[in-house]
Asks: 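Mind looking over this structure? Questions follow.
All chains are named by letter (A, B, ...) in the order of the sequence lines, taking the proteins before the strands, and each is independently numbered beginning at 1.
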Number of protein chains: 2
Amino acid sequence: MTVVTGGPRPQEDHSPRERTREEDVATSQDDGHPGSHYNRIRQSIVSGQAGPGTVLIPTVLSTQYNVSRTPVREALIRLEQDGLVERATRGYVVRTRTPEEILEICEARIALESSAAQAAAIRRTELDLARLVHVHESTAATKDPAELRELNHLWHVALREAGHNTTIAELMDRLDAQLKVYDSHTAPATDLPDNLSLILEEHAGILDAVRRRDAGAARDRMIAHQSRTRDLRIGALARSGRAAH
Amino acid sequence: MTVVTGGPRPQEDHSPRERTREEDVATSQDDGHPGSHYNRIRQSIVSGQAGPGTVLIPTVLSTQYNVSRTPVREALIRLEQDGLVERATRGYVVRTRTPEEILEICEARIALESSAAQAAAIRRTELDLARLVHVHESTAATKDPAELRELNHLWHVALREAGHNTTIAELMDRLDAQLKVYDSHTAPATDLPDNLSLILEEHAGILDAVRRRDAGAARDRMIAHQSRTRDLRIGALARSGRAAH
DNA sequence: GTGCAAGCAAGTGTATACAGATGAACTCAA
DNA sequence: TTGAGTTCATCTGTATACACTTGCTTGCAC
């Protein structure tokens, strides 16, 4: 189990609390609004910087960020509710998921995303469609893997917007974050060129169904698309799991 | 907008903080474990005691429960993440949902619950099936509306257990809580005797599909069941909305 | 009465205090 | 060297302190 509590610490600083403005700016891109620590810690988890099993201790984080435990605790409570961290005897731990749990998350995603596709076919506006086409074409014109992953994500976000169901969109955001934690393991498989062209084909198919307002086809194609992605993900996870043994 | 912050206050008590054990026991069924305030406040919202629009102010709640603001704040943050309350300029407010939003929640529920039914047909054990049958028969043998609502809920919980997907089960718990806030408006419609017999029929049909391991039928029947419940709910809401005007 | 501004009560976020709990390190007899 | 007991540093939950903000009230000129 990794027992890192974050990036490199600025310096050992045991003074009670110096509200030096310079230091604040230096150690953080804190915009100052309440709850910003939540986003910061969340980002470090989702980005994989603080991978599964990483121990997060309020005291340590608070000295790192040069704030008191109170706002850090608030952030960790929210992250716990998000399913990204869980309570340990001491502090919190970035949640470790078994392949079975990853499969469960994928199953929930398929249910919600196919429902969103169905809704998009029914409720999409012309603007929604134009946005979707735009992102799709940008994706087709890109070669950089990181940018492709981002555009792929944006396409799905645009589709959920076209579905006009914020409840589903929010739940998907949460599930996306839970899976993103494992991207470092699964990315190699999903970044393969032949997968990328398959993704584009599948997106095009769904897009076409949404254009034609064919809700059933949109749903079925999304199920197929997400199921294939799931299998790829699980396969990569199984391989990296075996490799870790 | 209702501006009640809870039940009757024990007595005006402005002393700093008296850790009188007797008083604690008297004013609460606090089991003492951390996070118990979350459950208490959550319950008061879900039960309808603190309906939509109710303002929850940390200071007030903390004097009511005879604890400091810190644990109350923690509870409210968790409830915010649950989608049950939202931040206001002062304090938190129990979220008010438009009928459109209620529809969105129902849509997400249909997607997840039908997926759970499908999974149950595939993955159910004999024990799962026996539990499901037991709850179903208890439901059929009951007349009391409150008990019927509870058993109906338990049947759905048992089905999700049979689906063996805790992610879906947890998401459904959350969505159930969000809808339960409006039960006082929708219960009159769902408690009608002819609806109850319809529910039993539909449950029996889903149960049969799960028994036969017919995933497609389980899914489709669940979609039909939940869609009908949704329409009933929305109808009742529209009527109570019109009545409120 | 009406409108405006000063004053004030009460809320907000964050820091800190403090009393337990707990796990790691340390001691010492065998 | 080992294992049981003891210390101790540190973490946890909760209470409290404090500075800042905000919106209501009050009083006064008109």
Side-chain angles (χ1 to χ4, degrees), chain A residues 1 3-6 9 12-21 23-25 27-28 30-41 54-81 85-93, chain B residues 1 3-6 9 12-21 23-25 27-28 30-41 54-81 85-93:
Chain A
M1 187 194 266
V3 199
V4 186
T5 35
R9 305 178 56 171
E12 286 306 324
D13 177 5
H14 287 284
S15 59
R17 178 140 317 283
E18 332 180 334
R19 272 245 133 274
T20 323
R21 248 301 94 183
E23 193 190 345
D24 272 3
V25 174
T27 56
S28 73
D30 188 354
D31 57 3
H33 83 82
S36 59
H37 302 292
Y38 165 73
N39 289 316
R40 199 197 323 221
I41 301 174
T54 305
V55 175
L56 301 170
I57 283 153
T59 318
V60 176
L61 291 177
S62 72
T63 58
Q64 259 179 48
Y65 295 151
N66 200 36
V67 292
S68 75
R69 283 195 297 131
T70 315
V72 172
R73 257 179 73 83
E74 165 171 340
L76 289 169
I77 288 163
R78 292 176 68 184
L79 290 167
E80 185 187 11
Q81 219 69 359
V85 306
E86 61 190 351
R87 311 256 16 213
T89 337
R90 288 281 174 92
Y92 292 75
V93 181
Chain B
M1 187 194 268
V3 200
V4 187
T5 34
R9 305 178 56 171
E12 285 306 323
D13 177 4
H14 286 284
S15 59
R17 176 139 320 284
E18 331 181 336
R19 271 248 135 271
T20 323
R21 249 298 97 182
E23 192 191 344
D24 273 4
V25 174
T27 55
S28 74
D30 188 354
D31 56 3
H33 83 80
S36 58
H37 302 291
Y38 165 72
N39 288 317
R40 199 195 326 218
I41 301 174
T54 305
V55 174
L56 301 169
I57 283 153
T59 318
V60 177
L61 291 175
S62 72
T63 58
Q64 257 178 48
Y65 295 151
N66 199 36
V67 292
S68 75
R69 282 194 298 132
T70 314
V72 172
R73 256 179 74 82
E74 164 171 341
L76 288 170
I77 288 163
R78 292 176 68 185
L79 291 167
E80 185 187 10
Q81 219 67 1
V85 304
E86 61 189 352
R87 309 256 16 213
T89 336
R90 289 283 174 91
Y92 292 76
V93 181

Asks: Start at the 5' end of DNA chain D and walk down; is the nucleotide closest to T89(B) or to P58(A) reached first?
Replies: P58(A)
Asks: Once hydrogens and angles are ignored, does a donor-acceptor distance under 3.5 Å link the base of dA10(C) to the side chain of T59(B)?
Replies: no
Asks: Provide, to the nearest angstrom, the distance between the CZ atom belonging to R87(A) and the C1' atom belonging to dC11(D).
Replies: 10 Å
Asks: May I ask you to decide whether R87(B) forms a salt bridge with E80(B), counting only side-chain N to carboxylate O separations under 4.0 Å?
Replies: no
Asks: What is the distance, to the nearest angstrom, from the CG atom on L56(A) to the P atom on dT12(D)?
Replies: 11 Å
Asks: Any side-chain heavy atom of Y38(A) sitting closer than 4.5 Å to one from I77(A)?
Replies: no
Asks: Could you check how far CZ of R90(B) sits from P of dG13(C), rounded to whole Å?
Replies: 11 Å
Asks: Measure CD1/I77(B) against C1'/dG13(D) and give the value in whole Å, please.
Replies: 14 Å
Asks: Establish, with yes or no, whether the OP1 or OP2 oxygen of dG13(D) is under 4.0 angstrom from a side-chain nitrogen or oxygen of R73(A).
Replies: yes
Asks: Just how far, in rounded Å, is C1' of dG23(C) from CD1 of I57(A)?
Replies: 12 Å
Asks: Can you tell me how far C1' of dT14(D) sits from OH of Y38(B), to the nearest Å?
Replies: 20 Å
Asks: How many angstroms lie between CG in L79(B) and NE2 in H37(B), if you round to the nearest 0.5 Å?
Replies: 12.5 Å
Asks: Rounded to whole Å, please give me the gap between CG in L61(B) and C1' in dT14(D).
Replies: 16 Å
Asks: For the pair made of OH in Y92(B) and P in dG13(C), what is the distance, rounded to whole Å?
Replies: 6 Å
Asks: Think S68(A) has a side-chain N or O under 4.0 angstrom from the OP1 or OP2 of dT14(C)?
Replies: no
Asks: Once hydrogens and angles are ignored, does a donor-acceptor distance under 3.5 Å link the base of dG13(D) to the side chain of R69(A)?
Replies: yes
Asks: May I ask you to test the R73(B)-E74(A) pair for a side-chain heavy-atom distance under 4.5 Å?
Replies: yes
